[in-house]
Asker: 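Here's a structure for you.
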Amino acid sequence: MNYFILALIKTGIVVGVFMHVLAYLQWIERKVIAHVQLRVGPRRVGPHGLLQPLADVIKLITKEDMIPSHVNKVFYYLAPFVAVLFALISISVIPFGPEIEVFGIRTNMSLADPGIGVLFILGISGMGVYGVALAGWASNNKYSLMGGLRSSAQMISYELPMALAIAAPLLILNTLSLREIGEKQGGFVLGVIPNWTIFSGGQIVSFFLFMVAAFAETNRVPFDLPEAENELVAGFHTEYSSMKFASFFMAEYANMVTVSAMATLLFLGGWHPIFPVEYGANFIPTLIHWGGAAILFYHAAQPARPFDKYTYPVFGVIFLGIGGVFLIPFLQPILMPLFWFCAKVLTILFVFIWVRATLPRFRYDQLMSFAWTFMFPVALVNLFVTALVVALS
Amino acid sequence: MNRPIPYADPVSTIEAKQETPENPSAARHMTLNMGPQHPSTHGVLRIVLQLEGEVIRSAYPDIGFLHTGIEKQMETRTYAQAVTLTDRVDYLANLSNNLCYCLAVEKLLQMEIPDRAQWLRVMMTEFTRLNSHLVWLGTHALDIGAMSMFFYCFREREDILRILEMFSGQRMMTSYIRVGGVSLEAPRGWQQVVGKFIKGFPSKVDQYEELLNANPIWTRRTQGVGHMAVEDMLDLGITGPMLRAAGVDWDSRKREPYSSYEKFDFRVPVETSNDVWGRYRVRMQEMRESAKIITQVLEGLPEGPFQADAPHVVLPQREKMKTQMEALIYHFKIVTEGYRVPAGEVFQCIEAPRGEIGYYIVSDGTQKPYRVHMRTPSFGNLQGLPKLLENTLIADSIAALGSMDFVLGDTDR
């Protein structure tokens, strides 16, 4: 009984937060890219466009659901569901923090903690390709078909270097459970260097291999060939509109969050702080938020736009409040791991967006040869070297 | 009733999917209709592609979606009115078209254009070249996937459009160059505005190159892509940066100088790689050279009238028209019935951003041209498309299309 209620509460929290994160990730992406490109991004709906994701969701849900007459109906309907389903499932095994105690109940900060969490995520993300391939095929459109084909080939090719890149840190950590992976990276070498996998041995190579493969797995620039806008119009989702299109969109962002969380857990020490608590790591969240508040107040004093005079102080007060919450000793065991985990994931997501704003796109054959002639051998060598080091030490 | 249909749909004509000894893999081909609505055809070009997997086996361009009958319209306008139509031919190189048309009419009228007008014309056409190349760079990079380049290029383009507006009152369809000179005197304070822009511009080009040249993805996407034999290029009438990237040193500004280009010191960039990369390099260097020319105009613009002394052709100044009877009469005559141009025919070509523009004008001695024909660079360059796309990948075709830098308005007229 108790277990079910707990699971329900946790599911509610995770699903609620995750959906909002996905919606606001799009807002962040638009804002970041806009500022890279000398624009300001969404500003109309709500202060600083903060309600833009909500408006987008309403728009997409209420939009007419067009079904082209020439599609294969069954698979056409199935494809977006498959894509979004397998994209959302992965979050269930991601631990956001260590085991905690709330109101006397001890529980993990994850929905499920299978002993083979890593394999589970790899398997599920491998299934994601079905959504894309089905969409491409069922649309009965030549552009979609090519998008689907490209995507299948690309995702299968990059799964191999990705798995090999993950295998190297797993050799060091000696476990497949994501919670244990996170726990094993606590502590500090020589008292200052965090005991993260990325800092141990040559794992920085694994990290870069993993990140490159992650870009390819999530179909992001520079590997966004399946939806290469300038060649294939919109690739596999050319024929999709309204909420079905949004499902593919959501799947892409969910995949991004999942791989970022994976990178955080496997290489960046999960929820552990970047320097020891003795040196004041617990004050970092407060400092960041209060610093943000200070910047907001500073800009409110000399507003760039008239409206900022009112919005910036409000956000500033909110930031002050959040910063204050991190100081409450009772909440610190829960909030600190969450903060560090989210900060790392957001940093990686920022890199995703930054790269999108900067890099051109690979060509299809170059992408494939990059996977098979560069990444695959490097990942193999990296794995062997790691195995050798682990065996000798 | 049995007339042949003048327009054969390319899809139906090439969809014969029988395997023949010459074309053994035809049955495996897929016909893909690209455009007229497609993000990378830069307007309304339709290309019918025969694909074998991702490889293009043949390409068939289908033009005419933007046909506006400009050549025919010109026959119903007076020589002065027709200037505004030339703006609309190539909407990214308006002033080059202005200039070419005006030079042709002036040849027929045997007019002498004062130095100041010629130098102003040179400056404005070089601004047009910068404008056109910037739009090209932005959209070409966007095609290859580098999104942000587009906005950086348009930042500088905006400055250029402001300068054009300052000179002529219009941002795009300026019609600044008129028969007999330019329409207005350079505005007060133009030296500061142009000087400031030109001083900062080379560093902006450096920025673009910094973002693209060192990027391995960019070089791999452009180097060795879109090759075409030089002989084919010459046969098909391809001109401009495409030809210069193939190692042919041909630039009308140097070879057949017009509008006092011979007085300017600039270099014609030539590359020998004959691929998308080469065309990119040529255009980037051309931007620097254009900036150099504009600097020279800025430093040495001669004093004097900005319009020829030809009261029967050039509209009188507003001031004079209001105060002098002679001027008022000329104004009335030019506006109501236009000026007569001696009978004859003339061909004038200039170097536009995209290649050579040629205007062929036949006059029958009346106020309206008997026939105006344009040899537009986009049309010439687009003829090379089937050859350029043959046996390339779809992704390369986008890069190759972008490197041709065509404007559909220019192609269809």
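Side-chain atoms are counted along with the backbone in the values below, which use heavy atoms only and exclude waters and symmetry mates. A note on names: the letters A, B, ... follow the listed sequences, proteins ahead of strands, and every chain is numbered from 1. In this text the structure is predicted, and so the values were computed from the model without any measurement.
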Asker: Does any part of the side chain of B/Met147, heavy atoms only, come nearer than 4.5 Å to the side chain of A/Gln37, both counted from C-beta?
Answerer: yes
Asker: Other residues, nucleotides and ligands only: do more than 12 of their heavy atoms fall within 6.0 Å of CE on A/Met66?
Answerer: no
Asker: Which bit of B/Arg155 is near chain A, if near means a heavy-atom gap under 4.5 Å: side chain, backbone, both or neither?
Answerer: side chain
Asker: So with a 6.0 Å cut-off around NZ of B/Lys387, is the heavy-atom count from everything else above 12?
Answerer: no
Asker: Nearest 0.5 Å, please: how far is CD1 in A/Ile33 from OG in B/Ser148?
Answerer: 7.0 Å
Asker: Let me know if A/Leu149 has heavy atoms under 4.5 Å from chain B in its side chain, its backbone, both or neither.
Answerer: neither
Asker: Only one of B/Ile144, B/Ile217, B/Val225 passes side chain to side chain contact (heavy atoms under 4.5 Å, CB included) with A/Arg363; say which it is.
Answerer: B/Val225
Asker: Select one option (side chain, backbone, both, neither) describing which atoms of A/Arg39 are under 4.5 Å from chain B's heavy atoms.
Answerer: side chain
Asker: Are more than 12 heavy atoms, taken from residues, nucleotides or ligands other than A/Tyr130, located less than 6.0 Å from that residue's OH atom?
Answerer: no
Asker: Could you tell me whether the side chain of B/Arg221 and the main chain of A/Arg361 form a donor-acceptor pair under 3.5 Å?
Answerer: yes
Asker: Flag yes if more than 12 heavy atoms outside A/Phe208 fall under 6.0 Å of its CZ atom; otherwise flag no.
Answerer: no
